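Note sheet for the following structure.
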Amino acid sequence: MESQSVILAIETSCDETSAAVVIGNGSAILVASNIVSSQVSLHAEWGGVVPNLAAREHVKNIVPVVLQALRIANISSQDIDCIAVTNRPGLIPALLVGTSTAKTLAWLWKKPLLGIHHIEGHIYANCIRKNHVKENTKAFPSNNNASDRIISFPALALIVSGGHTQIVLMRDHSVYEIVGETQDDAAGEAFDKTARLLDLGYPGGPKIALEAEKYQKQLPLTIPQIKFPRPMFSSKDYNFSFSGLKTAVLNVVQKISPENLKLLKPEICHEFQQAVIDVLIHKTAKAILNFQPKTVLLAGGVSANVELRKQLGEKIKNDFPTTSYLTPFLEYSIDNAAMIGAAAYFRWSRINSEDRAKAIESWKTLETSAHERMK
Ligand code: KG4
Ligand code: ZN
């Protein structure tokens, strides 16, 4: 049964402290508030996320962030139907801050509590509509276009984040089958490591995308000198491998002078990005051919990559014109709590009485896990 529910969601799995209030109604998800306190500048100094530093910042920020989310949504604890929190996978010291906060609130306010898989959140970011609820959270706007942002099943999700690269088949809401995944580095991890090699800073994805854009804008376009492999392009499965690409970049970097490196950075970034995109699109297209999904979703932090969004969209439009294609709005691409609330709504609105009773007791039992796979 689908009905309107108000969810308070919390996300602290990595380096963003985030809380959101989302309202689900049928298949539609609106965001009443989505507060994200980013620690990126803090970790940039170390070239990556330092778990204990992240946890310390989460502890500092979590209460103000939750209070702000409630204040902006203009709701009190009575209005909340369910609390949701990312409890897996992620950095354990970071996850514990979010789960402890959520458990405390669930106990205090006597609310059901759902633990959400972080990647499930990224998938459901695709269902969030752009318009935030402005005034009265209890009144769902009537002018919503119900055909918007709906997942039709079977659906296929291409997950590309800092920790995951997977192709996931969904035969229904909250039902996942991983049909392909990376054998080594995740796509985002490859972007981050390559950016470090090129001294571009952290997080690497947006920095590489920016350099690549400089190359695209060069007039006249220089004749490409750099060529990187497309790893596992011809393998018969839906798996990926990105660690070799990083090594290919290292080989180029070691061979050229600092002056030439400076000049060639935009081209290196362009070719690296295109190599990642080519493999992602090739394997996704192969999976579309086999599983015939009605909807294809792009999910995870790397979905913020404009070229990937565009090129995958073009491929689907040309080769699979009857398949619908969803990408999250940019603000919901990278880690945020609204996406956790969206995933929780689809679980909560379909929950059976046994699991509902368990959710009421979840403040006692909910656990965290660093590596658990989505199922
Ligand atoms: O999903 P996310 O925010 O965190 C994890 O769950 O891991 O993803 C972060 C990853 C980082 O590796 C970051 O470099 C990458 O997403 N990323 C991008 C872009 N924006 C963020 N990668 C490529 N292009 C982008 N524009
Ligand atoms: Zn993420």
Side-chain angles (χ1 to χ4, degrees), residues 9-18 20 34 36-40 43-44 47-49 51 54 86-91 94-95 98 116-126 157-166 168 181-182 185-198 200-214 216 242-243 245-246 269-270 272-281 297-312 327-340 342-343 370-374:
I10 294 174
E11 153 69 43
T12 64
S13 67
C14 192
D15 58 348
E16 324 279 359
T17 316
S18 184
N34 184 38
V36 182
S37 169
S38 174
Q39 306 172 8
V40 161
H43 298 287
V49 181
T86 309
N87 69 332
R88 63 200 196 281
L91 307 169
L95 284 167
I116 299 294
H117 193 288
H118 181 77
I119 296 302
E120 187 175 15
H122 277 302
I123 290 175
Y124 279 96
N126 279 285
L158 172 62
I159 317 283
V160 274
S161 75
H164 292 75
T165 302
Q166 295 174 328
V168 175
E181 62 190 322
T182 183
D185 291 352
E189 192 180 357
F191 270 93
D192 293 337
K193 287 179 174 171
T194 300
R196 210 175 305 158
L197 280 176
L198 297 171
L200 289 172
Y202 174 86
K207 312 263 184 195
I208 287 191
L210 214 63
E211 283 293 303
E213 220 177 285
K214 287 184 200 163
Q216 276 162 310
F242 293 110
S243 69
L245 262 180
K246 170 195 66 196
C269 289
H270 180 264
F272 166 82
Q273 178 177 274
Q274 197 54 52
V276 174
I277 292 175
D278 283 350
V279 185
L280 289 173
I281 291 183
L297 313 129
L298 184 60
V302 184
S303 74
N305 188 283
V306 175
E307 278 301 312
L308 172 61
R309 285 174 173 246
K310 193 177 90 192
Q311 293 183 32
L312 181 57
T327 56
F329 287 109
L330 278 179
E331 63 198 287
Y332 305 119
S333 274
I334 49 171
D335 291 352
N336 67 89
M339 67 185 198
I340 301 303
H371 299 294
E372 193 180 303
R373 283 161 71 81
M374 198 168 53

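Atoms within each ligand, like the ligands themselves, are counted from 1 in listed order. The structure presented is a predicted model; accordingly, all values stated were derived computationally and were not measured.
- Atoms of ligand 1 found under 4.0 Å from any heavy atom of G188 (numbered from 1 in listed order, with element): 12 (O).
- Of all protein heavy atoms, the one closest to atom 24 (N) of ligand 1 is N305 ND2, 3.0 Å.
- Checking E11 against S13 by side-chain atom types alone, a donor-acceptor pair falls below 3.5 Å.
- Closest to the Zn ion (ligand 2) among the N, O or S atoms of H118 is NE2.
- For D192 (side chain) and P203 (main-chain N/O), no donor-acceptor pair under 3.5 Å exists by modelled atom type.
- Per residue D335, closest N, O or S atom to the Zn ion (ligand 2): atom name OD1.
- Counting protein heavy atoms only, atom 12 (O) of ligand 1 is closest to D192 OD2, 2.7 Å.
- Donor-acceptor pairing under 3.5 Å is lacking for the side chains of E307 and Q274.
- For the pairing with F191, the side chain to side chain contact (heavy atoms under 4.5 Å, CB included) check across D185, I208, V160, L200 returns one residue only, I208.
- Every N/O-N/O distance between I334 and ligand 1 stays at or above 3.5 Å.
- Screening L298, V276, T327 for a side chain to side chain contact (heavy atoms under 4.5 Å, CB included) involving L308 leaves a single residue, L298.
- Protein heavy atom in closest approach to atom 15 (C) of ligand 1: V302 CG2, 3.9 Å.
- Closest to atom 6 (O) of ligand 1 among all protein heavy atoms lies H118 NE2, 3.0 Å.
- Close N/O approach between G205 and ligand 1 is found [any backbone or side-chain N/O within under 3.5 Å].
- Of all heavy-atom pairs between A342 and Y124, the closest is CB-O, 3.6 Å.
- Of the protein's heavy atoms, G162 N, 2.8 Å lies nearest to atom 7 (O) of ligand 1.
- Taking every non-hydrogen atom of A304 and a distance limit under 4.0 Å, the qualifying atoms of ligand 1 come out as 20 (N), 26 (N).
- When the options E16, H122, Q273 are ranked by their closest heavy atom to atom 1 (O) of ligand 1, first place goes to H122.
- Judged purely by distance below 3.5 Å, without hydrogens or angles, the side chains of N305 and Q273 pair a donor atom with an acceptor atom.
- Of the possible polar contacts, none joining the R196 side chain to the G204 backbone as a donor-acceptor pair under 3.5 Å is found.
- Exactly one residue among R88, H164, H118, H117 makes a side chain to side chain contact (heavy atoms under 4.5 Å, CB included) with M374. That residue is H117.
- No donor-acceptor distance shorter than 3.5 angstrom exists from the side chain of D278 to the backbone of A275, with no hydrogens or angles considered.
- Using a non-hydrogen distance threshold of 4.0 Å, G163 registers as a contact of ligand 1.
- Under 2.8 Å from the Zn ion (ligand 2) lies an N/O/S atom of H122, whether from backbone or side chain.
- Considering backbone and side-chain atoms together, F191 places no N or O closer than 3.5 Å to any N or O of ligand 1.
- A side chain to side chain contact (heavy atoms under 4.5 Å, CB included) with S18 is found for exactly one of T12, I10, N34, namely N34.
- If you look at D335 next to ligand 1, the close heavy atoms, those under 4.0 Å, come from the backbone and the side chain alike.
- At a 3.5 angstrom cut-off on N or O pairs, G301 counts as close to ligand 1.
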